[in-house]
Every structure is written in structure tokens, then in C-alpha cells.
Amino acid sequence: SAQIRGRSRHSLIRAAASSTGPSSERKEEVFFDGGPHYGDLVANLVFGFTLFWLPLTVAAVFRALFLRYRFTNYRVTILSGLTGGDRKDFKYDAIKDVKYVPRFIGEWGDVVITLKDDTKVELKSLPRFREIAKFCLDKSGVSG
């Protein structure tokens, strides 16, 4: 049952997904696909030996294990949760503003994307955060 006329079900789903984009001719290309910067986890683990820093360490561990960001030429996707089942997508034309804040001497940073309905989406501990913020601004057509 996994084979349908010589093609696997997985390849059919992949083919259908690639043809359902804004234009069948243009393929969705990934600019960045990954989790938070590993340095965020390491720094928080080092400071986690103090009782004061422990809640921040737990948050960094959960971010490292259960959070993924994907920026493509069509949309931003945030996958979170224990099984990755919590998914948030939005297209670049929904973006009103993009701001970023460097962390740990600029090795990683937090990016805050404001949507046109004034929803703020906070992306924590992103590597290449300056490039990602610029990419989002360029794709949205908003002047930074």
C-alpha cells in the first residue's frame, strides 16, 4: 500500500508540496533551517550551576531540543513542542517591521518580527540573526 503506481507515497507528497507554491515553476528555497545557536545552550549550562540562573538554563535546554526555525523564499516557519507539532507559518507580505537584539557579544541574537495585525513574533537565540533580519526585511519590502 506504500506504493502507488510505482511511486512511493512519500515522493507523491513531496511532488504535491512542491507544486502547491505560489508558482509551480518556482521552487521553495530554504535560506535558513535550524535551531537556536549552540552557544546559547553552552553559556546557559555554564551559568546553570548557580541556583539563580537555573530557570534560564532549563529554558535554553528546551529551546535547543524542541525549537526549529525555517526561512524560505516564501515564508517563515517556527516548529516547536515536544513532537514538533506546534507550527506557526506566515508569509513575508504579513510583516510590518523587523528588529533584532545582539546577545553574547553579537554571536547570536533575538529577532522580533511585527506582523501587520500588530502580533509580535519573537525568535530567540538565532545564529546569523543580522542576515536573517535583513532577509526578512528584503522579502517583505519593508524599509529597515
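Below, each value reflects all heavy atoms present in this structure, side chains not excepted, and no hydrogens, waters or symmetry copies.
- The distance from the CG atom of Asp33 to the OG1 atom of Thr72 is 10.0 Å, given to the nearest 0.5 Å.
- A salt bridge links Arg63 to Asp40: one of the charged nitrogens lies within less than 4.0 Å of a carboxylate oxygen.
- Looking at Val101 and Phe129, their side chains never come closer than 4.5 Å, going by heavy atoms from C-beta outward.
- Contact of the Val76 side chain with the Tyr92 side chain is registered, since non-hydrogen atoms from C-beta on lie closer than 4.5 Å.
- In this structure the side chain of Pro36 never reaches within 4.5 angstrom of the side chain of Leu41, judged on heavy atoms.
- Residues Val61 and Leu45 are in side-chain contact: their nearest non-hydrogen atoms beyond the backbone lie under 4.5 Å apart.
- Salt bridge absent: Asp93 and Lys116 never bring a charged side-chain N and a carboxylate O closer than 4.0 Å.
- Every residue meeting the side-chain contact (heavy atoms from CB on, under 4.5 Å) condition with Lys134, not counting sequence neighbours, appears here in chain and number order: Asp138.
- Between Gly48 and Thr57, the closest heavy-atom pair is CA-OG1, 3.0 Å.
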Show, in sequence, the C-alpha distance, side-chain angles and deciding distance for Phe71 and Leu123, and conclude whether the side-chain contact (heavy atoms from CB on, under 4.5 Å) test is met.
CA-CA 12 Å; Phe71 297 84; Leu123 311 172; 3.6 Å; yes
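- In this structure, the separation between NZ on Lys91 and NZ on Lys139 is 13.0 Å, given to the nearest 0.5 Å.
- The two residues Glu29 and Asn73 make their nearest non-hydrogen contact at N-OD1, 2.7 Å.
- Taking hydrophobic clusters as Ile, Leu, Val, Met, Phe, Trp and Tyr residues chained together by side-chain heavy-atom distances below 4.5 Å, Trp108 does not share a cluster with Ile78.
- Rounded to the nearest 0.5 Å, atoms CG (Leu115) and CG (Asp117) are 5.5 Å apart.
- Of the options Ile132, Val112, Ile113, Val111, a side chain to side chain contact (heavy atoms under 4.5 Å, CB included) to Tyr100 is made by Val111 and by none of the others.
- With hydrogens and angles disregarded, no donor-acceptor distance shorter than 3.5 Å links the side chain of Asp86 to the backbone of Gly81.
- Using a 4.5 Å heavy-atom cutoff, the side chains of Tyr69 and Leu126 are in contact.
- Minimum interatomic distance between Arg75 and Glu28 (heavy atoms only, all atoms of both residues): NH2-OE1, 2.8 Å.
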Using the side-chain contact (heavy atoms from CB on, under 4.5 Å) rule, take Thr114 and Lys99 through it: C-alpha gap first, then chi angles, then the decisive distance, then the call.
CA-CA 8 Å; Thr114 306; Lys99 303 279 186 205; 6.0 Å; no
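- Salt-bridge formation is detected for the pair Glu122/Lys124: a Lys NZ or Arg NE/NH1/NH2 atom is positioned less than 4.0 Å from an Asp or Glu carboxylate oxygen.
- The hydrophobic cluster containing Phe62 also contains Leu65, counting ILVMFWY residues as joined when their side-chain heavy atoms lie under 4.5 angstrom apart, directly or transitively.
- One distance of note links CZ of Phe90 with SG of Cys136; it measures 6.5 Å at 0.5 Å rounding.
- Between atom CG of residue Leu79 and atom NZ of residue Lys88 there is a gap of 10.5 Å, rounded to the nearest 0.5 Å.
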